[in-house]
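Both backbone and side-chain heavy atoms feed into the values below; hydrogens, waters and symmetry mates do not. Numbering starts at 1 and runs along the sequence shown. Since the structure is predicted, the reported quantities are computational estimates derived from the model, not experimental observations. Whatever order the structure lists them in is the order used to number ligands and atoms, beginning at 1.
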Amino acid sequence: MKSIYGKLILGFLVSILFSFSIAGYFSLRKNSDELGRLAVEELESSSEHIADLLQIIEDGDLPKILSGYADTSEASFYIESNGQRTDYGTISGRQLSSEDYKKLNDHLGTVITLRDSSMRKYAKSFQINGQKYIIFVQKDIGKKEMVFVDSAMIAVFCMLVAGSITFLIIADIIVKPISRLNKATNELSKGNYRVRVNYTGNDEIARLNRSFNQMAQQLAKQEETRQQFISDVSHEFQTPLTAIQGFATILKNEELPLVQRQKYADIILFHSKRLSTLSKNMLQLTILDGEDVKLETSEFSLIEQLSRVIETQDNLALSKNIEIEFQLPKNDIRIEADESRLEQVWINLVNNAIKYTNENGVVTISVKKSSKEVEVTIEDTGVGMSKEAISHIFERFYRQDKSRSIEGNGLGLSIVKRIIDLHRGTIDVKSREDGGSKFIIRLPQERTFHITERLMKKDKDNSL
Ligand code: ADP
């Protein structure tokens with residue numbers, strides 16, 4: 001039974017037959033007990049009636065009247081007196097034992113009941129007109145039991161037919177959407193990410209369909225990102241490679257003057273460095289994207305770290321006569337974070353601020369601490385960004401400057417964002433075209449320690 005349809009039908013039939021067998025068994029037993037009880041009551045009143053007849057009817061008329069009674073009452077009986085037994089109707093099956101006879105003879109009014117498959121038997125001793133009688137009456141309730149069994153069978157049959165038709169309709173309603181989903185899944189596995197399934201309602205299957213659609217949408221998006229990524233990567237690699245190839249070919253000319261030779265060698269060096277930075281950045285992003293990426297946190301001075309970063313960027317700033325203004329807070333601020341990764345964040349942001357600021361501009365760095373977080377702001381008076389650019393700057397390989405006149409590969413801010421995310425921080429950008437840019441990074445306070453608080457604590461500990 002391979003299909004879910006077949007399994008559902010088999011399950012239905014098994015459950016119906018199983019439940020009806022149990023229900024049938026118990027109701028048959030109950031019915032049989034009830035019929036038996038009623039039969040014994042009838043047999044009791046029959047025996048009383050026979051006793052009355054024995055008392056009031058003359059001996060001569062008695063056999064005829066008792067035979068007539070046996071015919072009409074559907075009961076067979078015998079009367080025994082002084083060891084003489086007269087049967088009316090057929091008496092068969094289980095009979096009274098000698099012990100039963102003894103009990104009946106010893107105590108008048110003793111009642112003995114017997115059960116013999118569908119037969120119910122009743123015997124009682126009487127004293128009639130000064131003589132001892134044993135009246136034994138029996139009745140077959142098999143026919144009545146069969147009437148019940150027949151009606152139960154008809155009910156089962158009707159329920160089975162009606163239930164099967166209803167179930168087939170329901171199974172069809174359940175199975176059809178699953179088959180549709182199965183077809184769509186096959187399509188998806190073949191790479192058709194546009195496939196979608198229609199659904200209505202809010203039941204489990206509708207929810208499954210909705211999840212399928214979401215998954216297909218997500219896969220389509222991922223596929224688009226993947227293709228975009230491949231095209232971006234090959235483009236980013238292609239430009240420096242073309243330059244390297246071109247200038248290397250020119251360098252093969254032995255008559256090239258030394259000055260030009262050096263110039264072209266420098267260009268090759270520049271592009272190979274660009275390639276190296278690109279592959280390093282890509283590797284770094286792959287590591288940061290990994291599921292098991294871990295931050296190696298330690299406690300360090302944020303102010304010292306920022307001062308170090310500014311020092312490394314000083315030469316670049318000087319070459320463009322850009323002033324870097326570091327607004328030092330009154331107290332040192334210590335934080336617990338991944339020191340080397342956070343350093344990468346500041347390098348990328350300060351480097352961008354200098355790169356995208358024209359000569360004689362200013363880059364301002366400030367740090368603020370509140371009860372909830374530490375806030376680092378890197379502001380420049382540079383070229384700024386359009387609203388459109390702001391919404392894309394954290395995407396891989398995005399660059400506002402399509403002419404690529406400024407060195408870069410569009411991965412720096414993606415790395416920054418990922419590192420800040422890993423620290424559960426936030427990064428906000430405020431910028432206007434030709435109006436400078438401001439990057440605000442907030443790191444949650446539970447990882448930060450104000451040096452004065454720590455010193456105070458140390459002093460307190462020492463004094464104890
Ligand atoms: P890139 O290597 O191109 O600088 P980033 O990921 O660091 O790559 O930045 C992405 C883009 O965001 C840049 O190409 C630039 O257009 C824009 N950008 C980043 N920082 C600044 C800034 N301080 N001023 C203006 N534009 C910026």
Quiz item: In the protein, which heavy atom is nearest to atom 6 (O) of ligand 1, and how far is it?
Solution: L413 N, 2.7 Å

Quiz prompt | Partner of Y264 under side-chain contact (heavy atoms from CB on, under 4.5 Å), chosen from V259, L256, N253, L269 | solution = L256

Quiz item: Is there a side-chain contact between K183 and E187, using heavy atoms and a 4.5 Å cut-off?
Solution: no

Practice problem: Determine whether the side chain, the backbone, both or neither of D380 has a heavy atom under 4.0 Å from any heavy atom of ligand 1. | Solution: side chain

Practice problem: Could you tell me the separation between the OG1 atom of T357 and the CD1 atom of I322, rounded to the nearest 0.5 Å? | Solution: 5.0 Å

Exercise. Answer side chain, backbone, both or neither: which part of R399 comes under 4.0 Å from ligand 1, heavy atoms only.
Key: both

Exercise. Enumerate the atoms of ligand 1 whose separation from the nearest heavy atom of G384 is less than 4.0 angstrom.
Key: 25 (C)

Quiz item: In terms of atom number and element, which parts of ligand 1 are under 4.0 angstrom from non-hydrogen atoms of Y398?
Solution: 10 (C), 11 (C), 14 (O)

Quiz item: Just which atoms of ligand 1 are under 4.0 Å from any heavy atom in K355?
Solution: 1 (P), 2 (O), 4 (O)

Quiz prompt | N202 side-chain N/O to R207 backbone N/O, donor-acceptor pair under 3.5 Å | solution = no

Quiz item: Got the closest protein heavy atom to atom 21 (C) of ligand 1, with its distance?
Solution: Y356 CD1, 3.5 Å

Quiz item: Got a donor-acceptor contact below 3.5 angstrom from the D338 side chain to the E296 backbone?
Solution: yes

Quiz item: atom 7 (O) of ligand 1: which protein heavy atom is closest, and how many Å away?
Solution: N352 ND2, 2.7 Å

Practice problem: Measure the distance from atom 26 (N) of ligand 1 to every protein heavy atom, then report the residue, atom name and distance (to 0.1 Å) of the closest one. | Solution: M385 CG, 3.4 Å

Practice problem: Mark up the atoms of ligand 1 that fall under 4.0 Å of a heavy atom belonging to F439, in ascending order. | Solution: 20 (N), 23 (N)

Self-check item: side chain to side chain contact (heavy atoms under 4.5 Å, CB included) between V309 and I365, worked out
Solution: CA-CA 11 Å; V309 169; I365 298 155; over 6 Å; no

Quiz item: Nearest heavy atom to atom 17 (C) of ligand 1: which of I393, I406, V383 does it belong to?
Solution: I393

Quiz prompt | Inter-residue atom distance R396.CZ - R418.CZ, 0.5 Å rounding | solution = 8.0 Å

Quiz item: Heavy atoms, side chains only, cut-off 4.5 Å: are F212 and T185 in contact?
Solution: yes

Quiz item: Is a side-chain donor or acceptor of S276 paired with a backbone partner of S272 at a separation under 3.5 angstrom?
Solution: no

Quiz item: Are any of the N or O atoms of G412 closer than 3.5 Å to those of ligand 1?
Solution: yes

Exercise. Considering only non-hydrogen protein atoms, determine which one is nearest to atom 2 (O) of ligand 1 and report residue, atom name and distance to 0.1 Å.
Key: N409 N, 3.0 Å

Quiz item: Backbone or side chain, does any N or O of Q400 fall under 3.5 Å from an N or O of ligand 1?
Solution: yes

Quiz item: Taking atom types as modelled and ignoring hydrogens, do the side chains of N348 and Q344 form a donor-acceptor contact shorter than 3.5 angstrom?
Solution: yes

Quiz prompt | Atom indices of ligand 1, in the order listed, that fall short of 4.0 Å to a heavy atom of L411 | solution = 6 (O), 8 (O)

Quiz item: So is G410 polar-close to ligand 1, meaning N/O to N/O under 3.5 Å?
Solution: yes

